[in-house]
Protein chains: 2
Amino acid sequence: MYSIDKLKEYLENKDVKPSYPRLKVLEYLLRYQNHPTADQIYNALVNEIPTLSKTTVYNTLHRFVESKVATPVCVDGGETHYDATVNEHGHFKCQICKKIFDFDIDLEKACEKGLTGFEILNRSINYKGFCPNCVE
Amino acid sequence: MYSIDKLKEYLENKDVKPSYPRLKVLEYLLRYQNHPTADQIYNALVNEIPTLSKTTVYNTLHRFVESKVATPVCVDGGETHYDATVNEHGHFKCQICKKIFDFDIDLEKACEKGLTGFEILNRSINYKGFCPNCVE
DNA sequence: AGTTATAATGTAATCATTACAAATTTGACA
DNA sequence: TGTCAAATTTGTAATGATTACATTATAACT
């Protein structure tokens, strides 16, 4: 699906050196699109990379965020989830199953007011409630 | 500005028993509209209520959220801020001064797609960047 | 006043994240 | 290929916000 070479190129274009852990974290994010936490990524990769350290996962994710390879998703307090999808979209977190769902939203039409003079770097739209599987 | 009686009535309408700490927390939230953290609220009130415990502040805030007296604001990970304003609005957090600013936004116009079958309980819109005072 | 439910308190535990110093790897260059 | 410097990774210990929980206090109701 995502060749190592493509991933390498992608990281290099974003000025991130494509080390093995970084490639693996990126591959994981892109393949599962699962909004994983640092802990989930660590657990998913540690079998394949036995020397992997959780600090490396955190370092990598911070690096990714800084270089806009990934976006942090903070719906509740608690753990931060990460997302490597590029297009802007909203996140819906189900209160029951805790899964995060993506949805499309067009903020251009939402006509925000009161931000003249502000420099916006990042927008996040987080909804909470019950997903179709969990509504009762 | 906010009489104790009004606050009492307000809490009772939301099915929250108006104990003294709860009234004081609500008063603080409404008066300063400062998006304080639990810790900030605790520090602001502990002089006036020397027996106040931080756990009580957390309990109170949880109770408020549950009863829709307050809304949690989680922009980054880290600490949760709280807001007792009723109308829906966005939050902008300045990366430099860390202040949170409110802004108006009309999500009805944003035509979200992909949420049919979902029951939405809560929406939050968080922007990050530089506020006018901190842009350089 | 006595009893029961609800709320407040304080301490100890938890959990995600960060700090930091040491070890390892990488890449450039001779 | 060997060497060196820079960048990355690692492991452990610390931090900081939040929660768990048992105890005490307060309020409500008979």
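Heavy atoms only: backbone and side chains are in, while hydrogens, waters and symmetry mates are out. Here is how names work: the chains are called A, B, and so on, in the same order as the sequence lines, proteins then strands, and each is numbered from 1.
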Could you check how far OH of A:Y20 sits from P of C:dG27, rounded to whole Å?
15 Å
Short side-chain N/O contact from B:H62 to OP1 or OP2 of D:dT18, under 4.0 Å:
no
To the nearest angstrom, the CD-P distance between A:E66 and C:dT18 comes to 13 Å
Within less than 4.0 Å of OP1 or OP2 of D:dT8, is there a side-chain N or O belonging to A:S19?
no
When all nucleic acid strands are considered with a 4.0 Å heavy-atom cut-off, which category describes A:T37: base, sugar-phosphate, or nothing?
nothing
Nearest-neighbour nucleotide for the B:K17 side chain, C:dT17, D:dA28, D:dA17 considered
D:dA28
Over 60° means perpendicular and under 30° means parallel, so classify the ring planes of B:H89 and B:H91, tilted if in between.
perpendicular
Could you give me the CA-CA distance, side-chain angles and deciding distance for A:F103 and A:Y127, then say whether ring pair (Phe, Tyr, Trp, His ring centres under 6.0 Å) is met?
CA-CA 10 Å; A:F103 63 90; A:Y127 289 14; 4.7 Å; yes
Check ion pair A:E108-A:R123 (N to O, under 4.0 angstrom)
yes
In whole Å, I'd like the distance from the CG atom of A:L45 to the P atom of D:dT10.
11 Å
Using atom OH of A:Y82 as one end and atom C1' of C:dA16 as the other, report the distance to the nearest whole Å.
10 Å
Closest approach to the side chain of A:Y58, judged atom by atom: which nucleotide of C:dT18, C:dG10, C:dA8 is it?
C:dT18
Does C:dT9 have its OP1 or OP2 closer than 4.0 Å to a side-chain nitrogen or oxygen of B:T56?
yes
Tell me whether the side-chain N/O atoms of B:T60 come closer than 4.0 Å to OP1 or OP2 in C:dA7.
no
For A:N59 and D:dA6, give me the distance from atom CG to atom C1', rounded to whole Å.
16 Å
Hey, is the side chain of A:R22 poking within less than 4.0 Å of OP1 or OP2 on D:dT9, counting only N and O atoms?
yes
Atom CD1 of B:I41 to atom P of D:dT18: distance rounded to whole Å?
10 Å
Parallel, tilted or perpendicular: rings of A:F118 and B:F92 (30°, 60°)
perpendicular
For B:P21 and A:T80, take the nucleotide of DNA chain C holding the closest heavy atom to each; which residue's nucleotide lies nearer the 5' end?
B:P21
Interatomic distance, B:L61 CG vs D:dT18 P [rounded to whole Å]
9 Å
Are B:D76 and B:K128 within salt-bridge range, i.e. N to O under 4.0 Å?
yes
Less than 4.0 angstrom between a side-chain N/O of A:T55 and OP1 or OP2 of D:dG11, yes or no?
no
Separation of A:Y42 atom OH from C:dT18 atom P, in whole Å?
17 Å
